[in-house]
Amino acid sequence: MASTSRKTFTISGIVQGVGYRYFASVAARRLEILGFAKNLPGGQVEVLAEGETAALAAFRRELERGPASSRVDAVTESEPEFWEPFTAFNIL
């Protein structure tokens with residue numbers, strides 16, 4: 001049985017207005033990741049992701065790459081502050 005976990009990723013760089021959240025949602029669906037992506041006031045994108053440990057590692061690599069129109073300067077990872085059930089990956 002695969003281990004499931006949750007991570008919060010904060011992505012900085014040129015990640016708003018360039019399709020980054022849509023890119024994250026496509027990658028999440030492909031990797032069977034649940035959660036959401038949302039813009040933050042400071043120009044970053046926050047992604048809360050839940051999935052199998054290996055899938056989360058692959059998802060982080062996708063977040064580090066980003067869409068061609070973006071420039072990812074950093075992806076930080078932390079444990080989420082809350083836990084609510086997810087049924088899909090949403091763009092907020």
Side-chain angles (χ1 to χ4, degrees):
M1 176 180 264
S3 174
T4 300
S5 60
R6 234 177 219 207
K7 298 289 180 187
T8 300
F9 299 103
T10 304
I11 302 93
S12 59
I14 299 173
V15 293
Q16 289 189 12
V18 294
Y20 191 91
R21 291 176 299 155
Y22 177 75
F23 171 87
S25 72
V26 170
R29 287 184 186 99
R30 182 170 33 81
L31 294 166
E32 299 181 359
I33 299 290
L34 304 176
F36 63 80
K38 70 177 183 178
N39 286 337
L40 296 176
Q44 300 166 311
V45 169
E46 180 181 69
V47 175
L48 185 69
E50 176 185 327
E52 293 182 4
T53 303
L56 282 175
F59 186 53
R60 180 186 172 124
R61 288 189 296 274
E62 289 295 305
L63 295 177
E64 289 170 342
R65 183 171 62 91
S69 55
S70 72
R71 186 190 80 220
V72 177
D73 292 337
V75 176
T76 59
E77 182 178 317
S78 62
E79 297 298 319
E81 296 179 14
F82 61 91
W83 192 275
E84 63 181 59
F86 294 117
T87 57
F89 191 92
N90 297 298
I91 297 173
L92 303 181

If I take atom OG1 from residue T87 and atom CG from residue N90, how far apart are they, to the nearest 0.5 angstrom? 7.0 Å
Trace of the side-chain contact (heavy atoms from CB on, under 4.5 Å) decision for R65 with V72: CA-CA 7 Å; R65 183 171 62 91; V72 177; over 6 Å; no
Can you check side-chain contact (heavy atoms from CB on, under 4.5 Å) on I33 and E50, steps first, answer last? CA-CA 6 Å; I33 299 290; E50 176 185 327; 5.8 Å; no
Do T76 and F9 touch side chain to side chain, with heavy atoms closer than 4.5 Å? no
Do Q16 side-chain atoms and Q44 backbone N/O form a donor-acceptor pair below 3.5 Å? yes
Can you tell me if CD on E32 sees more than 12 non-hydrogen neighbours from other groups inside 6.0 Å? no
Heavy-atom closest pair, residues L48 and P80: CD1-CB, 3.4 Å
Salt bridge check, R60 against E77: does any charged N sit closer than 4.0 Å to a carboxylate O? yes
Close side-chain approach of F86 and R6, heavy atoms under 4.5 Å: yes
Is there a continuous path of hydrophobic side-chain contacts, each under 4.5 Å between heavy atoms, that joins V45 to F36? no
Below 4.5 Å, heavy atoms only, C-beta onward: do Y20 and L63 meet side chain to side chain? yes
Assess whether side-chain contact (heavy atoms from CB on, under 4.5 Å) is satisfied between V18 and S70, documenting all intermediate values. CA-CA 6 Å; V18 294; S70 72; 3.7 Å; yes
Are the side chains of I11 and V47 in contact, using a 4.5 Å heavy-atom criterion? yes
Do the side chains of R30 and E62 get close enough for a salt bridge, i.e. N-O under 4.0 angstrom? yes
Atom CD in E52, atom OG in S5: separation rounded to 0.5 Å? 9.5 Å
Do you know the tightest heavy-atom contact between V15 and G43? CG2-O, 3.5 Å
What distance separates K7 NZ from L56 CG, expressed to the nearest 0.5 Å? 7.5 Å
Using the side-chain contact (heavy atoms from CB on, under 4.5 Å) rule, take T8 and E46 through it: C-alpha gap first, then chi angles, then the decisive distance, then the call. CA-CA 7 Å; T8 300; E46 180 181 69; 3.8 Å; yes
Within a strict 4.5 Å, meaning less than it, do heavy atoms of the R21 and S25 side chains meet? no
Could you state whether Y22 and F59 fall into the same hydrophobic cluster, counting links through intermediate Ile, Leu, Val, Met, Phe, Trp or Tyr residues with side-chain heavy atoms under 4.5 angstrom apart? no
